[in-house]
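Have a look at the structure below before the remarks.
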2 protein chains.
Amino acid sequence: MLKLSRLTDYAAVVMAQIARQPQASHAAADLAEAVQLPHPTVSKTLKMLVKADLLTSQRGAQGGYRLARPASHITAADIISAIEGPVAMTECSQAEGDCELVATCGVADNWQRVSLAIRTLLESVTLAHLADTTPIKLPVQLPIQSISLSAVTA
Amino acid sequence: MLKLSRLTDYAAVVMAQIARQPQASHAAADLAEAVQLPHPTVSKTLKMLVKADLLTSQRGAQGGYRLARPASHITAADIISAIEGPVAMTECSQAEGDCELVATCGVADNWQRVSLAIRTLLESVTLAHLADTTPIKLPVQLPIQSISLSAVTA
DNA sequence: TAATTGGGGACCATTTTAGTCCTGTATAAA
DNA sequence: TTTATACAGGACTAAAATGGTCCCCAATTA
């Protein structure tokens, strides 16, 4: 399925919610209410986002969460890595790459290219895009087909 | 992590192995030996690939597996869906889309666009690409950055 | 008929995930 | 200074997904 974890999904929704009122401080309880998700879970998600430096937090009364930087400078890849760790399709797509089967694998190189292409794509999508409820739609089919695997430089 | 399951990884490796000798019939045991993975696991993977019509099988002595069609007509998306089900980043990226939170979500549309872009990317990568051990490398950084989210038509 | 090879599914162990809760600490307002 | 607010950190549990194995059956060929 190549699916995001549910928490990552929550994170995106919550981040978008915050992004729509960037000046305000957002308490976890308010956010949970706004997005209709259980408070503890939202809270957990927020903590992870703070740890990843995507949000800043302020304790105490009138405290809450704010974006650590403008929504246009936070990417989908940032959000995903904050919750799930680095975006990589396979074990060996990660830096370490200590896969024992490299010798017999034969596809490692190319999976890494694909992985990189996806990461690049996710880095090109910003929170500002995600939070935008009226996205631009171009009528033409996209040129992504033309991006051959071989064009992705390692 | 947006990671492929390990079985999917195996599937890709095994498919690539078969693709390198498309005329021959490949017994599960031989493939397992070639890629250095346990026979039962490889076998399970192969069964899934047959079910997804990516491989054909032949029982009996001298039987085994063959590609159901040329490697250039089998995509990475095909292989992934064969093992993990349809490529979709979020629950609501799938056809049904019965997410109860759509009202408060606010990012569904755009996640679907991202999801589609990734799917398209994975459909553009063929088994022939994956199996190629000497991939072409272009020296220039790819133009993927230029593909804005808004360019992805739903 | 015997040997080979895949088909189908049950089954189990392990890991991951989601979700909750508790205790502590910083902050602000009264 | 006190009190209420709100986040920090982490322990803990339940449920689900995953990986992996195994067994018995069906088809094919020599």
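Quick note on labels: first sequence line is chain A, next is B, and so on, each numbered from 1.
- Although no hydrogens or angles enter the test, the distance criterion places no donor-acceptor pair under 3.5 Å between the side chain of A:Glu84 and the main chain of A:Thr8.
- Residue A:Ser5 has a polar side-chain atom (N or O) positioned under 4.0 Å from OP1 or OP2 of C:dA18.
- Rounded to 10 degrees, the angle separating the terminal helix axes of the helix from C:dT1-D:dA30 to C:dA30-D:dT1, each built from five base pairs, is 20°.
- When each of B:His39 and A:Ala28 is assigned the nucleotide of DNA chain D with its nearest heavy atom, A:Ala28 is the one assigned upstream, toward the 5' end.
- More than 12 heavy atoms of other residues, nucleotides or ligands sit less than 6.0 Å from atom CD of A:Gln36.
- Here the C1' atom of nucleotide C:dG6 and the CG atom of B:Asp30 are 13 Å apart, to the nearest Å.
- Counting any heavy atom pair closer than 4.0 Å across all strands shown, A:Leu7 reaches sugar-phosphate atoms only and no base atom.
- Panel note: side chain A:Arg119, backbone A:Val87; a donor-acceptor pair is recorded below 3.5 Å.
- Between the P atom of C:dG8 and the CG atom of B:Leu46 lies a distance of 13 Å, rounded to the nearest Å.
- One finds a side-chain N or O of B:Arg6 lying less than 4.0 angstrom from the OP1 or OP2 phosphate oxygen of D:dG20.
- Put simply, NE2 on B:His129 and CG on A:Asn110 are 8.5 Å apart, with the number rounded to the nearest 0.5 Å.
- Summarising the geometry, the separation between CG on A:Leu4 and C1' on C:dT17 is reported as 14 Å, rounded to the nearest angstrom.
- The interatomic distance linking B:Glu84 (CD) with D:dT18 (C1') rounds to 11 Å, in whole Å.
- Inter-residue side-chain proximity for B:Tyr65 and B:Leu49 is flagged as unmet; no heavy-atom pair is nearer than 4.5 Å.
- Put simply, NE2 on A:His26 is 17 Å from C1' on D:dT5, counting in whole angstrom units.
- Atom-to-atom, NZ of A:Lys44 to C1' of D:dT13 comes out at 11 Å; the value is rounded to the nearest Å.
- Of the possible polar contacts, one joining the A:Ser25 side chain to the A:Gly63 backbone as a donor-acceptor pair under 3.5 Å is found.
- The distance from atom CD1 of A:Ile79 to atom CD1 of A:Ile74, rounded to the nearest 0.5 Å, is 7.0 Å.
- Dashed line: the shortest gap from a side-chain N or O of A:Ser43 to OP1 or OP2 of D:dC7 is not under 4.0 Å.
- A:Asp78 has a carboxylate O that lies under 4.0 Å from a charged side-chain N of A:Arg69, or vice versa, which qualifies the two as a salt bridge.
- Of the possible polar contacts, one joining the A:Thr104 side chain to the B:Val35 backbone as a donor-acceptor pair under 3.5 Å is found.
- For the OP1/OP2 pair of D:dG19 and a distance below 4.0 Å, the side-chain nitrogens and oxygens of B:Tyr10 include no atom meeting the criterion.
- Applying a 4.0 Å cut-off to non-hydrogen atoms, the residues of residues 47-71 of chain B that approach DNA chain D are B:Gln58, B:Arg59, B:Gly60, B:Ala61, listed by residue number.
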